[in-house]
Amino acid sequence: MKTMTCIEDLRQTARRRVPRMFFDYAESGSYAEETLRANRADLEAMKLRQRILVDVAGRSTSTTMLGEPVSLPLALAPIGLCGMQHGNGEILACRAAHAAGIPFTLSTMSICSIEDVAASVDKPFWFQLYVMKDRGFVRSLIERAKAAKCSALVLTVDLQVLGQRHRDIKNGLSVPPETRVKNLIDIATKPAWALSVLRSKSRTFGNIAGHVRGMENVNSLAVWIASQFDETLSWKDVEWIANEWGGKLILKGILDVEDALIAAKTGAAALVVSNHGGRQLDGAPSSIAALPPIAEAVGSSIEVLFDGGIRSGQDIMRAIALGAHACLSGRAYIYGLGAGGQAGVARAIEIMRNELSVSMALTGVTGIDKIDRSVIAGA
Ligand code: GLV
């Protein structure tokens with residue numbers, strides 16, 4: 001893992017090790033992928049301001065998220081099908097996050113269930129909730145998250161309907177993969193992946209199979225989402241969910257100031273400025289372009305988190321400089337997971353930590369709370 005010097009190295013390795021349909025699933029954005037590309041392009045366009053001869057010996061990347069100490073302003077974002085990047089992927093990623101002192105978020109659409117993960121780690125994790133039409137099932141998911149002692153509920157608010165990802169259709173994405181010749185050849189060339197998945201606790205959607213009738217094998221994710229996810233979801237439901245949950249709530253998927261102002265009044269602990277990694281509304285602004293007005297409008301009343309294109313410590317610094325309290329990243333750790341399981345996720349976090357620490361030193365800041373617009377060149 002030491003020769004993996006950046007997230008791109010992990011990505012290249014994951015691309016060789018993970019079956020194409022699952023690598024593409026994580027990699028893709030919706031439609032023409034304009035927003036996916038804008039997330040990265042707009043971050044890269046922000047230049048950092050080099051400062052010299054500042055004593056930075058005592059600097060620290062530590063801060064808090066939702067009032068809890070974290071060693072780095074970063075949480076692992078919820079990723080559907082994480083356990084299809086590597087067997088037991090959710091457990092391994094959660095262990096790596098906890099060892100690194102940062103939060104892990106388990107997706108509703110995970111392979112390992114809430115209970116599988118809870119039984120395999122010794123600290124609480126965050127649970128991401130999708131709202132289905134069957135509110136009894138939603139309530140049971142919330143109850144299961146409570147029973148697993150999850151420390152925050154991340155409600156995704158930008159996916160009542162699914163933005164189409166062309167490659168998922170072309171690849172025939174399904175869980176587990178269908179026994180088509182193309183898939184068999186692909187899997188045959190990825191023996192380490194196949195072994196890890198064969199040995200894993202689950203090979204289907206662990207939170208759903210066995211809990212929703214007729215959902216033992218959720219073949220087409222897109223079809224399942226279209227039939228089960230609730231298009232009527234509204235702010236009223238957020239209130240209902242907040243009451244059912246009773247704990248710390250994070251609203252993920254806010255891109256507009258007006259929505260942020262409403263979110264800030266719900267009593268949620270945090271919101272995540274996010275366009276779902278460019279996977280939902282194609283043509284929407286990049287997350288980093290959406291961040292400053294939201295941070296300005298509600299940053300003093302709700303914790304503003306950021307996600308969308310984070311691939312380095314420099315990116316974390318850019319988002320914090322524009323008003324984020326901390327970041328979430330999905331693909332960066334998913335590449336690590338595909339490249340090398342738990343060690344790969346640990347490496348992804350370590351890479352971004354080192355980059356952030358060096359970037360802090362070279363911009364002359366010693367603490368996360370000292371990162372502001374002054375670290376951006378020309379700001
Ligand atoms: C689900 O959250 C997805 O983006 O596929």
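Computation of the quantities below employed the complete heavy-atom set of this structure, encompassing side-chain atoms and omitting hydrogens, waters and symmetry-equivalent molecules. Both ligands and their constituent atoms are indexed starting at 1 by order of listing.
Cluster membership check: M132 shares its hydrophobic cluster with I142, using side-chain heavy-atom separations under 4.5 Å among Ile, Leu, Val, Met, Phe, Trp and Tyr.
In this structure, R279 forms a cation-pi arrangement with Y25, its terminal cationic atom sitting closer than 6.0 Å to the ring centre and no more than 45° off the ring axis.
Looking at E143 and K146, a side-chain N of the basic residue comes within less than 4.0 Å of a carboxylate O on the acidic one, giving a salt bridge.
Atom OG of S113 sits about 6.0 Å away from atom CZ of R144, to the nearest 0.5 Å.
Taking the six-membered ring where tryptophan is involved, the planes of W193 and F22 are essentially parallel, since the angle between them stays under 30° and well short of 60°.
Each of T156, D307, N39 was evaluated against S274; a single residue qualifies, D307, per the side-chain hydrogen bond (donor to acceptor under 3.5 Å, both in side chains) test.
Listed by chain and residue number, the protein contacts of ligand 1 are Y25, Y130, R165, H276, R279 (heavy atom within 4.0 angstrom).
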